[in-house]
Amino acid sequence: KACSVRWLNPSPPLPLPPSLAMPPKTEPKAKAKAEVKAKPKPKPAKKEEAEEEVDKVQAPDREAFDAALAKIQETVDGFQAEQRKLGDQIKERSGGKDDFFTQKAGFRSQLDEFSAKIDVLMERKAEINKGLGDKRQEATDQRQELNKLKKSVGYTNESEIDDRIRSIEWTMSTESVSLKQEKEYLKEISELKKRRPQVAKVKGMETSLASRDIGGNLKEQIGSINEEMALYRDGKRQIQEKMSAL
C-alpha cells in the first residue's frame, strides 16, 4: 500500500541571539546601482548613426576637382618657369665669368711672353756690355803701355835719333874730349841705336790705337736692344691696362 505522508507544520523557530543574527542582504541594491551606472553603453548606436550620415554625403564634384587641380598645376608651372629663368641667369653669369678668366689667362700669357723676350735681350745686353768693357780695358792697357814706351824712348821719330847720333859723332871728331867723356858718348850712341826700333814700335802702337774699334759696333747693338726692350715694355704696359679694365 501506498503510504501517505502528511507534512506536519513545524513549530516556529526559536529566536537567535543578536550576535548570531545574519546582517540584512544589501546586494540587490548595489547591483541596481551598478546597472544604473552601466546604462550609458548604448552610445555605439550614435556612432552607427554618424557612419550612416557619412555614407549619405554626396559624391565630390568632378569639375571643381579638375579646376582646383588645374590651378595647382598652373602654380607649379609658374615655379618651374621661374626656376628656368634663374638657371639661365646663373648660366649667363657663369659664362661671363669663364670669359673673364679666359681673357685674363690670355693677357697673362702675353705678359709672360714679353717678359721672357725682355730677359733674353737683357742677357744679350749684359754680354755685349762685358765685351765692350773688355775692349775698353784693352785699349786703356795699350795706351798705358804706349805712354810708358814713349817715355822710355824719349824721341818721337827716327830722325831725331839720327840727328842726335850725328851731333855726338861731330863733337867727338872736332873737339878734344876726355876718355871718360868719350866712353859716355859711345854709350849714348849705342842706346840711341837701340831706341830707334822702339820709335817705330811707338808709331805702330799709335796707329793701332787710332784705328782700333773700341766697341762702336757693340754700342749700336746695345742701342737696338734698348729700342726693342722699350717696345716690349710698352706692350706689357698696354696689356696691364687691358687687364685692369676687365
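The basis for the numbers below is simple: all heavy atoms, side chains too, and nothing from hydrogens, waters or symmetry mates. Numbers here simply count residues along the sequence, with the first being 1.
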When rounded to the nearest 0.5 Å, the distance separating CD of Glu138 from NZ of Lys135 is 7.0 Å

Worked check of side chain to side chain contact (heavy atoms under 4.5 Å, CB included) between Met243 and Arg108: CA-CA 9 Å; Met243 289 180 66; Arg108 175 56 59 186; 4.0 Å; yes

Any side-chain heavy-atom pair of Gln142 and Leu146 under 4.5 Å: no

How long is the gap from CZ on Phe107 to NZ on Lys104, to the nearest 0.5 Å? 11.5 Å

Side-chain donor-acceptor distances from residues 187-194 under 3.5 Å, at least two apart:
residue, atom, partner, partner atom, Å
Glu188, OE1, Arg164, NH2, 3.2
Glu188, OE2, Arg164, NE, 2.7
Glu188, OE2, Arg164, NH2, 3.0

Distance-only donor-acceptor hits, side chain of residues 195-210, under 3.5 Å, sequence neighbours excluded:
residue, atom, partner, partner atom, Å
Arg195, NH1, Val153, O, 3.3
Arg196, NE, Asp162, OD1, 3.1
Arg196, NH2, Asp162, OD2, 3.2
Lys203, NZ, Glu158, OE1, 3.1
Glu206, OE2, Lys150, NZ, 3.0
Thr207, OG1, Lys203, O, 2.9

To the nearest 0.5 Å, atom NZ of Lys117 lies from atom OH of Tyr232 at 4.0 Å

Asp141 vs Gln137 side-chain heavy atoms within contact, under 4.5 Å: yes

Keeping Thr140 on the side-chain end and Arg136 on the backbone end, is there a donor-acceptor pair under 3.5 Å? yes

CD of Glu160 to CD1 of Ile165: how many Å apart, nearest 0.5 Å? 12.5 Å

In this structure, CE of Met122 is separated from OG of Ser115 (nearest 0.5 Å) by 12.0 Å

As a quick check of understanding, evaluate side chain to side chain contact (heavy atoms under 4.5 Å, CB included) for Gln238 and Asp234, giving each step before the final call. CA-CA 6 Å; Gln238 293 180 13; Asp234 185 63; 3.0 Å; yes

Among Arg233, Glu113, Glu123, side chain to side chain contact (heavy atoms under 4.5 Å, CB included) partner for Ile118: Arg233

Between Ser244 (side chain) and Gln240 (backbone), is there a donor-acceptor pair under 3.5 Å? yes

Decide whether Leu121 and Leu231 are clustered together by the hydrophobic rule: side chain heavy atoms of Ile, Leu, Val, Met, Phe, Trp, Tyr closer than 4.5 Å, transitively. no

Which pairs would a plain distance check flag for residues 219-229, meaning a side-chain donor or acceptor within less than 3.5 Å of a matching protein atom at least two apart in sequence or in another chain?
residue, atom, partner, partner atom, Å
Ser224, OG, Glu220, O, 3.2
Asn226, OD1, Lys125, NZ, 2.8
Asn226, ND2, Ile222, O, 3.2

Would Val120 end up clustered with Leu218 when hydrophobic side chains under 4.5 Å apart are linked, directly or stepwise? no

